[in-house]
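Have a look at the structure below before the remarks.
Just follow the structure's listing: the first ligand is 1, and inside any ligand the first atom is 1.
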Amino acid sequence: MSVPTKLYEGKAKIIYLTDDPEILLAVFKDDATAFNAQKRGTIPEKGRINNSISSKLFQFLEARGIRTHFIDTPAANQMRIRAVKILPLEVVVRNIAAGSLCQQTGLPLGTVLKMPLVDFYYKNDQLGDPLLTRDRLLLMELATPEQVDSITHLALKINDFLKELFQRCNIILVDFKLEFGLDSQQQLLLADEISPDTCRLWDMSAGDDPNLRVLDKDRFRRDLGNVEDAYQEVLKRILNEL
Ligand code: UDP
């Protein structure tokens with residue numbers, strides 16, 4: 001068999017071409033990075049766990065009418081996906097104040113937001129993924145006004161579905177990052193991944209202890225230990241519900 005052609009290698013995944021130009025293969029890596037790749041490491045089994053979680057969540061969302069790039073899971077750390085042109089935006093939905101929202105607004109960690117907040121960031125490592133305003137996003141033609149409206153609407157719907165699912169898992173969905181892409185028909189699809197790498201997830205059964213409750217990449221960012229255990233726990237609870 002010929003060696004597959006690598007299209008792109010990111011921090012957490014490698015994307016390969018397949019025989020079909022409409023289909024790509026994503027291979028999830030165990031590599032972990034944080035703080036714009038200034039901190040690097042490995043989380044054993046992360047590739048398999050995040051692929052499993054993402055695959056389950058994409059199928060869960062598809063069943064609720066959200067179009068995603070997910071096709072199937074041919075191996076534990078592999079996902080076949082529809083080829084899309086990724087919009088250079090990180091779309092963050094927040095339910096509870098944490099991370100950069102606390103740093104930039106002074107809101108105390110854990111503040112419950114009255115309404116979910118949708119923040120757009122420019123996906124650009126050189127600039128450090130800066131926060132965008134809607135006007136700046138349009139000025140730079142990163143998306144059309146219609147696409148911004150559709151993305152905002154979709155992001156809030158996805159938040160409603162995921163919040164309810166995680167609640168059943170006894171997990172609080174604090175915030176998460178989404179990426180969207182356009183397929184060959186210019187249709188907007190949810191892309192990338194949804195995993196403990198891209199979400200903040202707090203264990204409701206761990207009380208208010210700010211370290212014990214963390215079930216996501218903050219364990220790696222903040223050297224809290226037991227990172228793999230936390231990721232496994234999220235997968236276990238999702239598999240119990242789906
Ligand atoms: N996030 C992500 N990739 C990024 C930046 C953020 O997946 O490049 C996720 C992060 O894990 C968290 C949410 O988006 O769940 C909000 O992150 P925030 O803006 O608070 O930034 P951070 O504190 O991670 O710097």
Side-chain angles (χ1 to χ4, degrees), residues 8-13 26 28-41 43 46-47 49-51 53-54 57-58 68-69 86-113 115-133 136-137 142 151-152 154-156 158-159 161-163 165-166 169 171-181 190-203 210-211 213-224 227 230-231 234 238:
Y8 168 81
E9 178 155 6
K11 294 169 197 143
K13 293 183 287 300
F28 284 63
K29 302 195 285 185
D30 293 346
D31 299 350
T33 62
F35 312 118
N36 205 3
Q38 287 172 47
K39 181 181 170 88
R40 288 171 186 274
I43 302 170
K46 179 171 83 81
I49 301 170
N50 279 359
N51 185 44
I53 293 174
S54 274
L57 295 181
F58 282 143
T68 80
H69 71 163
I86 296 281
L87 297 172
L89 294 172
E90 300 202 334
V91 182
V92 171
V93 185
R94 302 172 187 277
N95 297 304
I96 291 183
S100 68
L101 180 65
C102 295
Q103 285 157 18
Q104 292 168 2
T105 64
L107 275 175
L109 175 68
T111 306
V112 178
L113 308 185
M115 285 195 328
L117 176 66
V118 181
D119 281 333
F120 290 88
Y121 295 83
Y122 183 22
K123 207 167 130 73
N124 184 317
D125 283 341
Q126 273 181 340
L127 296 176
D129 297 342
L131 178 64
L132 292 166
T133 62
R136 286 188 186 194
L137 190 165
L142 301 178
I151 288 172
T152 306
L154 278 170
L156 290 170
I158 292 166
N159 182 47
F161 291 134
L162 292 182
K163 225 170 38 177
L165 171 65
F166 278 114
C169 297
I171 290 172
I172 299 172
L173 178 59
V174 174
D175 58 30
F176 58 99
K177 186 261 301 182
L178 300 173
E179 293 185 26
F180 292 86
L190 176 63
D192 195 49
E193 65 178 279
I194 308 175
S195 72
D197 269 8
T198 63
C199 302
R200 281 198 171 89
L201 303 168
W202 290 354
D203 187 355
N211 293 346
R213 67 187 175 191
V214 175
L215 293 176
D216 57 65
K217 198 160 106 178
D218 276 348
R219 297 207 77 81
F220 170 76
R221 292 189 186 98
R222 293 161 45 200
D223 293 318
L224 298 178
V227 187
Y231 280 49
V234 173
I238 288 174

Who's the nearest protein heavy-atom neighbour of atom 25 (O) of ligand 1, and how far? S100 CB, 4.7 Å

Salt-bridge present (D223, K39; N to O < 4.0 Å): yes

Please write down residue, atom name and distance for the protein heavy atom closest to atom 8 (O) of ligand 1. E90 OE1, 3.0 Å

If you count the atoms of ligand 1 from 1 in the order shown, which ones are under 4.0 Å from a heavy atom of R200? 12 (C), 15 (O), 16 (C), 17 (O), 18 (P), 20 (O), 22 (P), 23 (O), 24 (O)

Which heavy atom of the protein is the closest neighbour of atom 10 (C) of ligand 1, given with residue, atom name and distance? R221 NH2, 3.6 Å

Between D175 and ligand 1, which part of the residue brings a heavy atom under 4.0 Å of the ligand: side chain, backbone, both or neither? both

Just checking, K46 and Y231: is the charged tip under 6.0 Å from the six-membered ring centre and within 45° of the axis? no

Side chain, backbone, both or neither: which applies to K217 and ligand 1 if a contact is any heavy-atom pair less than 4.0 Å apart? neither

Within-shell test, Q103 vs ligand 1, heavy atom, strictly < 4.0 Å: no

CZ of R222: more than 12 outside heavy atoms within 6.0 angstrom? yes

In terms of atom number and element, which parts of ligand 1 are under 4.0 angstrom from non-hydrogen atoms of D197? 7 (O), 11 (O)

Considering only non-hydrogen protein atoms, determine which one is nearest to atom 3 (N) of ligand 1 and report residue, atom name and distance to 0.1 Å. K177 CE, 3.5 Å

Is the closest protein non-hydrogen atom to atom 5 (C) of ligand 1 under 4.0 Å? yes

Element-labelled atoms of ligand 1 that are located less than 4.0 Å from some non-hydrogen atom of Y121: 19 (O)

Element-labelled atoms of ligand 1 that are located less than 4.0 Å from some non-hydrogen atom of G99: 20 (O), 23 (O)

Under a 4.0 Å N-O cut-off, is there an ion pair linking D197 with K13? no

Salt bridge or not for D192 and K177, using N-O below 4.0 Å? yes

The criterion is salt bridge (Lys or Arg N to Asp or Glu O under 4.0 Å); which residues satisfy it with R219, sequence neighbours excluded? none

Thinking salt bridges, do R200 and D175 make one under a 4.0 Å N-O criterion? yes

Under 4.0 Å from atom 22 (P) of ligand 1, is there any protein heavy atom? yes

Quick one: closest heavy-atom pair of D125 and K11, and the distance? OD1-NZ, 3.2 Å

